[in-house]
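One structure below.
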Amino acid sequence: MLPEIVAQKSENQIASDVSDLFNEYQIELAKISELGKLLKNFEGPFQYFIKGNKLHSSYTRHMDPDLAVKALNSEYWDRAIKKTDMLDYMSAQERSEWHNMISEFKTPEFSAKNLYATLDQFIKNKDQLLAKKVDGIFRSLSGHHVTNNPMAFSKKMIISNALDSFGSPNYRTCETLDDLRLIVAKYMGRDTDDYDPRTRSTLRITEFGQEVKIDGGALTLKIFKVGTIHIQVHPEIAIYLNDVLSNLYPAVIASSKGRPSKAKKAYDKPLQKNFLSDEVLRILMDISEYRNRSIYTKNQVVKEILLYLGAIEESGTFHIPEESIAGLNEIIRMGCYPEKKSNQFYPTKSALASMVISKLGYIESWDRVLEPSAGQGGLSDRLPKKRTTCVEIDPVNCSILKEKGFSVVEGDFLSQSFERKFQKIAMNPPFSDGRALQHLNKAIELLDDGGTLVAILPCSLVGKVDVSGAAIEWSEPIEGQFDDTNVRVTVLTINK
C-alpha cells in the first residue's frame with residue numbers, strides 16, 4: 001500500500017455524497033421529461049424565442065428531451081466526480097479528455113449502475129492510478145535532460161519549453177509541473193478541492209536564474225530565459241514519489257520502507273505545512289497582481305501577514321511598502337504563513353536601532369559592514385547599502401532585503417562562511433535556546449582587528465562575554481522593545 005495521503009476523502013463520505021446527488025438527478029430527469037412533452041406543443045411560436053436569442057441551431061432540436069438528458073447526464077457526472085478526488089489521480093491528458101466529454105455531452109447515462117461501477121473501480125485501483133500518474137510525470141521530466149535520473153526521482157530534475165518565444169508560460173508543457181504540484185499538495189495535506197496550480201504563482205517568477213522555493217519548500221525552481229526550469233525536489237518528497245513508482249516497478253525501484261530516510265540530513269530544511277487557505281491566497285494574489293498599496297480587509301490572517309510585512313494600519317486600511325510586495329510574492333509561492341516564532345523575527349524598533357547605529361561609530365568608505373539575522377532591515381536600513389551584507393534565514397525577509405538593494409545571504413548565520421572579515425557588525429540575534437551567545441561568538445570571529453561590533457542581547461548575558469584584547473561596554477537594561485515578549489535587553493559594544 002502507498003503511504004497514506006492526508007486529507008483524502010473517506011469512502012463512506014463519498015458514497016453518501018454520491019447517493020444524495022443521484023436522488024437529485026432523478027428529480028431533474030423527471031422534470032426534463034415533463035418539460036419536453038410541454039414544449040412539443042409550442043414548437044411553432046418557440047422559434048421566435050430562438051431567433052431573438054440568435055441561436056443558430058434548428059429550433060426543433062432545442063425541444064428534444066433526449067438532448068436535454070445528455071446535457072443533464074454530463075452535468076451530474078461532472079458534479080459526481082468532483083465530489084470524489086478522482087480528478088487528482090488523473091493525468092493532465094486524462095483530465096483534458098474528461099473535460100471534453102463533459103463539454104460535448106458525451107458522458108454515459110447517469111444511472112446507479114454506471115455511477116457505482118465507476119466509483120468502485122476507482123476505489124479499487126487508486127494506488128495504480130496514482131502510480132501511473134506519477135510515472136507519466138517522471139517520464140516527462142526524465143526525457144528532457146541527460147542529467148535526470150533514469151531510474152527514479154532524484155533531488156534535481158529538468159523540464160524544458162516551459163516558456164514560449166515571448167517569455168510567457170507554455171501551459172501545455174507546464175501541465176507536467178502542475179501535476180507534480182498537485183500530488184505534492186495532496187501528500188502534504190493541502191486543500192485540493194479547488195486546486196489550480198497556475199493560481200499558485202508557479203510561473204509568475206521573474207527572477208531568472210535564481211532559486212525560488214514553492215509549496216512549503218517541497219520544490220525549488222530555477223527558471224531560465226531559454227524556457228528551461230530546473231526543479232529540485234525535497235528529499236522527503238522524492239522518497240514519497242519513488243515509493244509510489246515502486247508499485248509499478250518493484251524490481252527496479254525499491255520502497256524506502258525499512259531503511260533510513262535521506263530526508264533527515266542536516267542540510268535539508270524541513271517542509272513547512274502551515275498552509276494558507278485559498279481565500280487568503282486569493283486576497284494576497286489580488287494585492288500583488290493589481291499592485292494595491294492600500295487595502296481594507298476583514299480577514300484576520302491577511303491582516304497578520306500584512307503587519308508582518310511591515311504594512312501600516314490606519315483606520316482599518318493597510319498601507320503596504322513597495323519593497324514588501326517581494327515578500328508578499330514569496331508567501332504566495334510558498335503558500336505558507338511566515339513562522340515568526342521559529343525564525344525569532346522580532347523587528348528592532350526605531351529608537352533602539354538608532355542607538356545601535358550611533359554606537360557603531362563612523363563608517364569609512366572602505367569598511368565592510370555585516371548584519372547577521374537581518375530580518376527586514378531594521379538595522380540595515382540605517383547602514384550603507386552598497387557595503388552591507390545581510391544574512392537572513394527567512395526567504396520572505398530575504399526577498400524584502402533584496403528589493404531594498406542589499407547583498408543578501410539566505411540561510412542560518414551559524415552555518416555561513418566568509419572569505420573576508422568585517423569592520424562593522426550590527427546585530428539583533430535570535431534569543432531562544434542559547435542562540436544569542438552562539439550568534440555573538442560567530443560574529444566576533446568575523447570581526448576584523450580594529451573593528452566595532454554592536455549587539456542587542458538579553459540581559460542574562462551581561463558579564464558572560466569576554467573578548468581578549470577588546471574593549472567591552474554594556475548599556476543599562478532596556479525594557480519593552482519587542483512585541484509579544486517582556487524580555488529585557490542590553491546593548492553590547494565591542495571595539496576589537
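With contacts defined as side-chain heavy-atom distances shorter than 4.5 Å, the pair I295/H319 does not qualify. Using a 4.5 Å heavy-atom cutoff, the side chains of K385 and K404 are in contact. Under the 4.5 Å side-chain criterion, counting only non-hydrogen atoms from C-beta, L177 is not in contact with I137. Annotation: side chain of L492 is in contact with side chain of I494 (closest heavy-atom distance under 4.5 Å). Within the 4.5 Å cutoff, the side chain of D135 has heavy atoms near those of the L245 side chain. Within the 4.5 Å cutoff, no side-chain heavy atoms of I472 are placed close to those of T493. Counting only heavy atoms from C-beta outward, the side chains of S288 and L328 approach each other to under 4.5 Å. Side chains of N329 and I332 form a contact here, defined as non-hydrogen atoms less than 4.5 Å apart.
K424 and L360 get closest at one heavy-atom pair: NZ-O, 2.9 Å. A238 and V233 make their closest contact through N-CG1, 3.6 Å (heavy atoms, listed as atom of the first residue, atom of the second, distance). Across every non-hydrogen atom of L401 and C390, the tightest pair is CD1-CB, 4.0 Å. Between E410 and P395, the shortest heavy-atom contact is OE2-CG, 3.5 Å. In terms of heavy atoms, M334 sits closest to F275 at O-CE2, 3.7 Å. Of all heavy-atom pairs between T297 and N299, the closest is OG1-N, 3.1 Å.
Checking S399 against R333 by side-chain atom types alone, no donor-acceptor pair falls below 3.5 Å. A donor-acceptor contact under 3.5 angstrom links the side chains of E236 and Y187, judged on distance only. Using modelled atom types, one finds no donor on one side chain facing an acceptor on the other under 3.5 Å when comparing S294 with T317.
Panel note: side chain T388, backbone P384; a donor-acceptor pair is recorded below 3.5 Å. No donor-acceptor pair closer than 3.5 Å links the side chain of D433 to the backbone N or O of R435. In terms of modelled atom types and a separation under 3.5 Å, the side chain of R95 and the main chain of M90 share a donor-acceptor contact. Judged purely by atom type and a 3.5 angstrom limit, K464 uses its side chain to pair as donor or acceptor with the backbone of S460. Between the Q416 side chain and the D412 main chain, a donor and an acceptor come within less than 3.5 Å of each other. No donor-acceptor distance shorter than 3.5 angstrom exists from the side chain of S380 to the backbone of L383, with no hydrogens or angles considered.
Applying the ring-ring contact (aromatic ring centres under 6.0 Å, His included) rule to pairs touching residues 460-480 yields nothing, sequence neighbours excluded. Sequence neighbours left out, the pairs with a member in residues 358-377 that pass salt bridge (charged side-chain N to carboxylate O under 4.0 Å, His left out) are K359-E473. Within the structure, ring-ring contact (aromatic ring centres under 6.0 Å, His included) contacts touching residues 371-421 (residues at least two apart or in different chains) are F413-H439, F418-F422. Residues in residues 374-400 take part in no ring-ring contact (aromatic ring centres under 6.0 Å, His included) pair, two or more places apart or across chains.
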Step by step, work out the side-chain contact (heavy atoms from CB on, under 4.5 Å) result for L457 and L440.
-> CA-CA 9 Å; L457 300 171; L440 177 63; 3.8 Å; yes

Let me see the working for T348 and V356 under side-chain contact (heavy atoms from CB on, under 4.5 Å), right down to the final yes or no.
-> CA-CA 10 Å; T348 310; V356 169; 5.6 Å; no

Can K126 and D85 be said to form a side-chain contact (heavy atoms from CB on, under 4.5 Å), step by step?
-> CA-CA 10 Å; K126 259 190 174 183; D85 48 1; 3.5 Å; yes

Worked verdict on S324 versus Q376 for side-chain contact (heavy atoms from CB on, under 4.5 Å) = CA-CA 9 Å; S324 294; Q376 295 176 7; 5.5 Å; no

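Note that CD1 of I425 is 12.5 Å distant from CG of L379, once rounded to the nearest 0.5 Å.
In this structure, the side chain to side chain contact (heavy atoms under 4.5 Å, CB included) partners of T220, at least two apart in sequence or on a different chain, are E211, K213, Q232. Legend: residues meeting salt bridge (Lys or Arg N to Asp or Glu O under 4.0 Å) with K496, ordered by chain and number and at least two apart, are absent. Residues passing the side chain to side chain contact (heavy atoms under 4.5 Å, CB included) test with S16 are D20, sequence neighbours excluded. Judged as a salt bridge (Lys or Arg N to Asp or Glu O under 4.0 Å), and not counting sequence neighbours, K442 has no contacts. Taking D78 as the reference, K82, W98, I102 meet the side chain to side chain contact (heavy atoms under 4.5 Å, CB included) condition, with sequence neighbours excluded. Residues passing the side chain to side chain contact (heavy atoms under 4.5 Å, CB included) test with S407, sequence neighbours excluded: T389. Among residues two or more places apart in sequence or in another chain, the side chain to side chain donor-acceptor pair (under 3.5 Å) test is passed with Q438 by none.
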Review item, side-chain donor-acceptor pairs of residues 444-454, under 3.5 Å, at least two apart:
from, atom 1, to, atom 2, distance (Å)
D448, OD2, Q423, NE2, 3.1
T452, OG1, N495, OD1, 2.8

